[in-house]
2 protein chains.
Amino acid sequence: MLSRSHPKPSRTGRPRSVAADEAILEATRASLVDLGWSKLTMGDVATRAGVAKTTLYRRWAGKNELVVDAVAVLFDELELPDLGSLSADVQAVVLQFAALLERPETQTALMAVVAESTRDEALRTRIRDSIVNRQKHLVLQGRQRAQERGELPVEQDEAKAALTADLIFDVIAGAVVHRALVSAEPVDEDWARRFTLLLLAGLGAAAAG
Amino acid sequence: MLSRSHPKPSRTGRPRSVAADEAILEATRASLVDLGWSKLTMGDVATRAGVAKTTLYRRWAGKNELVVDAVAVLFDELELPDLGSLSADVQAVVLQFAALLERPETQTALMAVVAESTRDEALRTRIRDSIVNRQKHLVLQGRQRAQERGELPVEQDEAKAALTADLIFDVIAGAVVHRALVSAEPVDEDWARRFTLLLLAGLGAAAAG
DNA sequence: CAGTTACGCTACGGGTCGTAGCGTAAGAAC
DNA sequence: GTTCTTACGCTACGACCCGTAGCGTAACTG
């Protein structure tokens, strides 16, 4: 699930403490809540986790990678409910995602690691694998369900369908993040309803055009 | 235009060097390009600008505020062209915004300062005033033009119209930023066209519903 | 048992932070 | 001009964090 730094399946020697692993990630989230991204230090995390600072560096290259892993697990909560209609499903996912973005550890970490990733290809890949693709999967899943329900047509052109899915994903995730973190206004049910209405109306019309 | 730290219009004493002001902001942008947000230091900026480090601290509280001001002026370039149709106008603005996000100094700085702003109310206000509201104005301006052209109805309910404008703004800005910085894929003409189609179709249908 | 790897701990050089102190520079008021 | 006031450059400083090296110990394998 989590990539970590190549644990290199060596059959000999003292094994890495999995308990320490979870303690470190938990401590990282706690430190994010208390101090925020910029004031979080490796030393503080180590102290909170009850491990030596060197142990952190044996597993993670630095703050960036550590925080990505610590936050990534929170995105496991995201699930696509089956509420019977595409509209209801989208709205529910939007609210789930918004709830995630309300948590202080997610707020302060998400934008920061993405900012770092603009100058670090490996970090970008890591974020994509452990966070972004997990969200994108929800979009693909939602489309499939909608197609099974007959709410969306089964597209012929595979390439075009993938482009549309990418577009939808950027619109949903982008809009929610921007609303929550840039505009800093609540993503409540009313907003989610209006957004979903806009999106699905556009999706239907765009598919026809 | 730029707020800066209260220049307190004192009529006496040596005036602050406006040349130094511009040199510092220019040096900040250069440092962002060369080093990126995380490795940018106040000392480096001071050296590049040819001023003492203390001079920076006399005008800006820290790195956050400095970078916001340095990047804010880049957003002055954004203009709403009058291309004759709402669709063409939206598409053009999207491409302009995308071009801004391709610049390395904007990429690395924008997400970082927003991340910081989640824990700093004053910084959030500064960003809103110098960057976000400047973008939002384009949305309001575009709506007005479209209404004058008869492409959009003049809404009665003022409050509802404001909510819709906010929604549109978050969708446009959010989608472009997400595409450019999270998905890290190009915002080219094709993408802008498909996005605009989706948005305007949704806008029309949502207004009807 | 020996071999191998992880751990905790300490200590270190190097870098950045933000500030204090001082002498000097540049305008304003008289 | 002289005096007043504020900005500037420069130096130096304690505080903090970084990332690593070195060492003795712990845990697990064969």
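Owing to the predicted nature of the structure, the values given are computational and were not obtained by experimental measurement. To find a chain, count down the sequence lines: A is the first, B the second, and so on, and within it residues start at 1. Worth knowing before you read on, the calculation uses all heavy atoms, side chains too, and leaves out hydrogens, waters and symmetry mates.
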Using only side-chain N and O atoms of B:T55, determine if any of them is under 4.0 Å from OP1 or OP2 of D:dG9.
-> yes
CD of A:E79: more than 12 outside heavy atoms within 6.0 angstrom?
-> no
D:dG19 base / A:K53 side chain donor-acceptor hit below 3.5 Å | yes
Calculate the interatomic distance between B:L66 atom CG and C:dC17 atom P; express it in whole Å.
-> 11 Å
Quick check: are there more than 12 heavy atoms from other residues, nucleotides or ligands sitting under 6.0 Å from CD of B:E22?
-> yes
Would you classify B:T54 as touching base, sugar-phosphate or nothing, given that sugar-phosphate means primed atoms plus P, OP1 and OP2, and contacts are heavy atoms under 4.0 Å?
-> base
Lys/Arg N to Asp/Glu carboxylate O, A:K39 vs A:D34, below 4.0 Å | no
Mapping B:A52 and B:G13 onto DNA chain D by nearest heavy atom, which one lands closer to the 5' end?
-> B:G13
Does A:V51 or B:G62 map to a spot on DNA chain C nearer the 5' end, using the closest nucleotide for each?
-> A:V51
To the nearest angstrom, the OH-C1' distance between B:Y57 and D:dT6 comes to 21 Å
When you check the phosphate oxygens OP1 and OP2 of C:dA6, does a side-chain N or O of A:R16 lie under 4.0 Å from one of them?
-> yes
Are any of A:R14's side-chain N or O atoms less than 4.0 Å away from OP1 or OP2 of D:dA26?
-> no
Per nearest nucleotide of DNA chain C, the residue lying toward the 5' end, B:P15 or B:K63, is B:K63
What is the distance, rounded to the nearest whole Å, between atom CG of B:L40 and atom C1' of C:dG15?
-> 15 Å
Rounded to whole Å, CG of A:L56 lies from P of D:dC18 at a distance of 10 Å
Which whole-number value in Å describes the distance from B:R58 CZ to D:dT6 C1'?
-> 10 Å
Might you confirm whether atom CD of A:E185 has over 12 heavy atoms from other residues, nucleotides or ligands at distances under 6.0 Å?
-> yes
To the nearest angstrom, how far is B:M42 atom CE from D:dC16 atom P?
-> 20 Å
Measure from CZ on A:R11 to P on D:dG30 and round the result to the nearest Å.
-> 8 Å
On DNA chain D, check which nucleotide each of B:A20 and B:T12 is closest to and give me the residue with the more 5' one.
-> B:T12
Distance in angstrom units between A:D44 CG and D:dA15 P, rounded = 20 Å
Got a sec: does the CD of A:E148 have more than 12 other heavy atoms crowding it under 6.0 Å?
-> yes
